[in-house]
Number of protein chains: 2
Amino acid sequence: MREVARAAGVSASTVANVLSRPWIVAPDTRDRVEQTIRDIGYVRNGPARQLRGLPSPIVGSVILDLANPFYAELNRGIEDRLAEAGCLVLTCSTDHQSVREKQLLGLLEEQAVRGVIISPSGADPTALLEMSRRGTPVVLIDHPRGHPDLCAVTVDHRSGGRLVGEHLLGLGHRRFAYLGSTLVADGVNQRREGLREALTAAGLDPEQALLDLRVPMQPPPLVDAAAGAVEQVVHADPRPTALVCLNDTAALGALHGLEAAGLRVPEDISVVGYDDLSFASRLAPPLTTVSQPTYQLGRAAADLLLDEAEPGHTHRETLFPPALVVRSSTAAPSG
Amino acid sequence: MREVARAAGVSASTVANVLSRPWIVAPDTRDRVEQTIRDIGYVRNGPARQLRGLPSPIVGSVILDLANPFYAELNRGIEDRLAEAGCLVLTCSTDHQSVREKQLLGLLEEQAVRGVIISPSGADPTALLEMSRRGTPVVLIDHPRGHPDLCAVTVDHRSGGRLVGEHLLGLGHRRFAYLGSTLVADGVNQRREGLREALTAAGLDPEQALLDLRVPMQPPPLVDAAAGAVEQVVHADPRPTALVCLNDTAALGALHGLEAAGLRVPEDISVVGYDDLSFASRLAPPLTTVSQPTYQLGRAAADLLLDEAEPGHTHRETLFPPALVVRSSTAAPSG
DNA sequence: GTGAAAGCGCTAACAA
DNA sequence: TTGTTAGCGCTTTCAC
């Protein structure tokens with residue numbers, strides 16, 4: 001900046017003014033300085049501006065796994081909304097490891113980011129609360145906020161699970177399997193709870209009517225783990241007539257596993273996914289699933305985060321409803 | 001930091017030493033300071049450290065579209081490699097818009113990031129060269145480096161296209177269609193060139209034997225655009241017996257469009273994708289495609305970028321080979 | 001082993 | 001309208 005000032009024959013603060021409050025600079029001085037900036041190829045130093053107290057344009061996004069298309073699309077929603085405010089997204093995957101999550105939060109806080117949008121890997125919000133108290137706003141995604149000092153964007157997965165249950169019950173199913181994960185992923189458990197609720201409401205005992213499967217989230221890749229896990233469904237006696245999967249990726253693996261075991265979908269067994277990823281409608285058979293407004297979730301989270309900087313901000317939760325998408329992987333049970 | 005110093009009864013520089021060069025501090029002083037840091041909840045200020053000349057831990061990743069699973073996985077490769085070096089990834093999608101790309105590069109340079117890994121949306125490298133000259137290292141992904149001052153990680157797509165062509169020719173195909181895009185995406189064009197080379201080598205005239213289709217990359221979503229574009233293949237006379245798509249997502253749409261038109265794959269027409277995304281093997285029919293070491297591409301790019309900081313760094317290009325994966329969407333033409 | 005001091009590049013209040 | 005000045009929080013000599 002000093003160099004530009006010297007070359008343009010003005011003081012450093014005039015250069016600063018041209019950059020930050022151009023309207024207070026005389027037009028010809030401004031033109032001269034701007035020309036010099038271009039000639040020299042001068043680029044402003046963000047860290048120095050931050051040091052002076054300006055807000056960072058960077059927002060941290062801490063998610064479970066960017067390679068999961070659900071999170072990738074969510075992140076696009078975050079990015080697009082933030083871009084409208086001139087902000088950038090620092091994307092971090094935790095792979096469900098809370099140690100890694102803690103590291104990442106530490107790094108982000110040191111960078112003095114504008115805020116953090118997080119899909120937490122554990123249930124304990126204390127680290128997030130402290131971070132928020134120290135001045136880095138936090139928005140939870142896909143997790144109940146658990147404290148009035150945080151904002152959150154959530155989907156009513158319980159209702160999603162209920163929709164699936166009601167759909168299958170309506171088709172005449174009475175024996176179910178739920179392919180969940182070994183992790184305490186809140187959303188995934190809510191889906192199971194909703195399913196159980198639907199069974200109970202139909203007069204069934206979930207302990208009897210629902211076979212509970214858990215696959216490790218990784219490694220190996222979920223799609224392979226799911227393919228393996230369906231073995232248990234295939235050999236269960238009596239065998240469930242409907243398999244509800246925690247998400248579409250698991251359903252993809254399940255379809256594969258069922259095919260390998262010689263079971264036809266939906267004739268021998270119905271399969272349901274969750275997320276409605278882009279490939280769901282093109283699988284064989286097209287997958288019945290539950291769609292979430294994934295991209296909008298991201299935008300909403302970014303909205304909340306940006307709002308944290310506003311004077312009258314109040315912490316709040318935005319709740320989205322899921323929607324059942326019926327395709328051909330579900331049908332009435334045979335026999 | 002001053003606050004910690006006061007509370008611990010030492011000077012600010014001792015606190016700094018505890019943080020940056022703990023070994024030169026007396027053990028008991030160090031313990032006392034560390035305890036105070038924890039009590040107070042002190043967090044180091046990254047921007048201030050950067051201002052002092054330390055390198056930023058942030059690397060920019062500028063890609064075409066994070067919602068495309070190919071880039072999402074690529075980005076995971078980048079992230080994982082950088083994490084090993086304690087770095088973070090600032091992920092930006094350009095949606096093929098060079099205006100947006102320019103904006104993003106400007107923002108990243110202002111943030112004084114450690115470097116930028118970019119999958120460029122245009123062919124002109126001057127902006128990147130200038131950035132590199134000003135001190136922000138640049139690594140190109142999926143794009144020839146075009147200048148010895150840049151590093152690049154590339155895949156031999158020409159060879160990929162050739163593999164596809166040879167496979168289809170070997171099955172007996174003589175009339176082809178290539179579903180490309182309206183953009184000057186270098187990799188996508190290379191694939192077509194490879195395909196044309198194979199045809200030429202087999203004694204065919206590409207101008208005659210190859211129907212060239214172009215779909216706009218967006219909007220609408222590529223998968224829908226591709227579904228629409230296959231109309232032209234269906235109604236072509238004589239109709240091509242093999243459809244080669246620029247990537248798996250386009251192939252997904254093409255399968256859909258062909259099904260809607262009443263054509264069977266592979267009996268009536270063979271279809272080939274590119275990328276080998278996770279769903280490719282589970283489509284109906286399982287998709288013949290070309291796999292790239294996507295995750296490794298990301299790691300290799302991060303490797304090169306980190307190496308830029310080393311004293312003896314020489315700019316270079318890392319080239320990966322693609323591999324044909326034959327599944328059931330290709331077969332000998334009927335009749 | 002510890003502290004004092006200079007300065008990284010910038011912004012904003014104030015003086016000229 | 002432009003320039004002078006005082007830091008923002010930190011690292012790093014260099015005395016002590």
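Note on naming: letters A, B, ... go to the chains in the order of the sequence lines (proteins, then strands), and numbering restarts at 1 for each one. Everything quoted here is computed from the prediction, not taken from an experiment.
The distance from the CD1 atom of B:Ile37 to the CZ atom of B:Arg44 is 8.5 Å, given to the nearest 0.5 Å. Atom CZ in A:Arg30 sits 12.0 Å away from atom CG in A:Leu19 (nearest 0.5 Å). Considering CG of B:Asn68 and CG of B:Asn75, their distance stands at 11.5 Å, rounded to 0.5 Å.
The main-chain N or O of A:Ser93 is found under 3.5 Å from a side-chain atom of B:Glu79 such that the two form a donor-acceptor pair. Side-chain N or O atoms of B:Ser132 include none that pairs as donor or acceptor with a backbone N or O of B:Glu130 at under 3.5 Å. Between the side chain of B:His313 and the backbone N or O of B:Asp307, at least one donor-acceptor pair lies under 3.5 Å. Side-chain atoms of A:Arg316 come within 3.5 Å of backbone atoms of A:Thr314 as a donor-acceptor pair (strictly under, hydrogens ignored).
The CG-C1' distance, from A:Leu19 to D:dT2, rounds to 16 Å in whole Å. The distance between atom CD of A:Gln50 and atom P of C:dA12, rounded to the nearest whole Å, is 14 Å. Taking atom CG of residue A:Asp31 and atom P of nucleotide D:dT1, one finds them 14 Å apart after rounding to whole Å.
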Item to complete: Give the intermediate values and the outcome of side chain to side chain contact (heavy atoms under 4.5 Å, CB included) for residues B:Val33 and B:Val25.
Response: CA-CA 10 Å; B:Val33 171; B:Val25 181; over 6 Å; no
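Taking side-chain N and O atoms only, B:Thr29 has a distance below 4.0 Å to OP1 or OP2 of C:dT2. Contact between the side-chain N/O atoms of A:Thr14 and the OP1/OP2 oxygens of D:dT2 is not found at any separation under 4.0 Å. Residue B:Ser11 places none of its side-chain N or O atoms closer than 4.0 Å to OP1 or OP2 of C:dA4.
Picking from C:dT2, C:dT11, D:dT12 the nucleotide with the shortest atom distance to the side chain of B:Ala16 gives D:dT12.
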Please list each protein N or O that sits under 3.5 Å from an N or O in nucleotides 13-16 of chain C, with the distance.
none

Would you list the protein and nucleotides 7-9 of chain C atom pairs, both N or O, that sit under 3.5 Å from each other?
| unit_1 | atom_1 | unit_2 | atom_2 | d |
| --- | --- | --- | --- | --- |
| C:dG7 | N2 | B:Arg52 | NE | 3.3 |
| C:dG7 | N2 | B:Arg52 | NH1 | 2.5 |
| C:dG7 | N3 | B:Arg52 | NH1 | 3.2 |
| C:dG9 | N2 | A:Ala48 | O | 3.3 |

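In this structure, A:Ser20 and B:Gly9 both approach DNA chain C, and ranking their closest nucleotides by distance from the 5' end singles out B:Gly9.
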Hey, can you pull the donor-acceptor pairs under 3.5 Å for the side chains in residues 2-9 of chain A, sequence neighbours left out?
none

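Within 4.0 Å of B:Leu54, counting heavy atoms only, lie sugar-phosphate atoms of the nucleic acid but no base atom.
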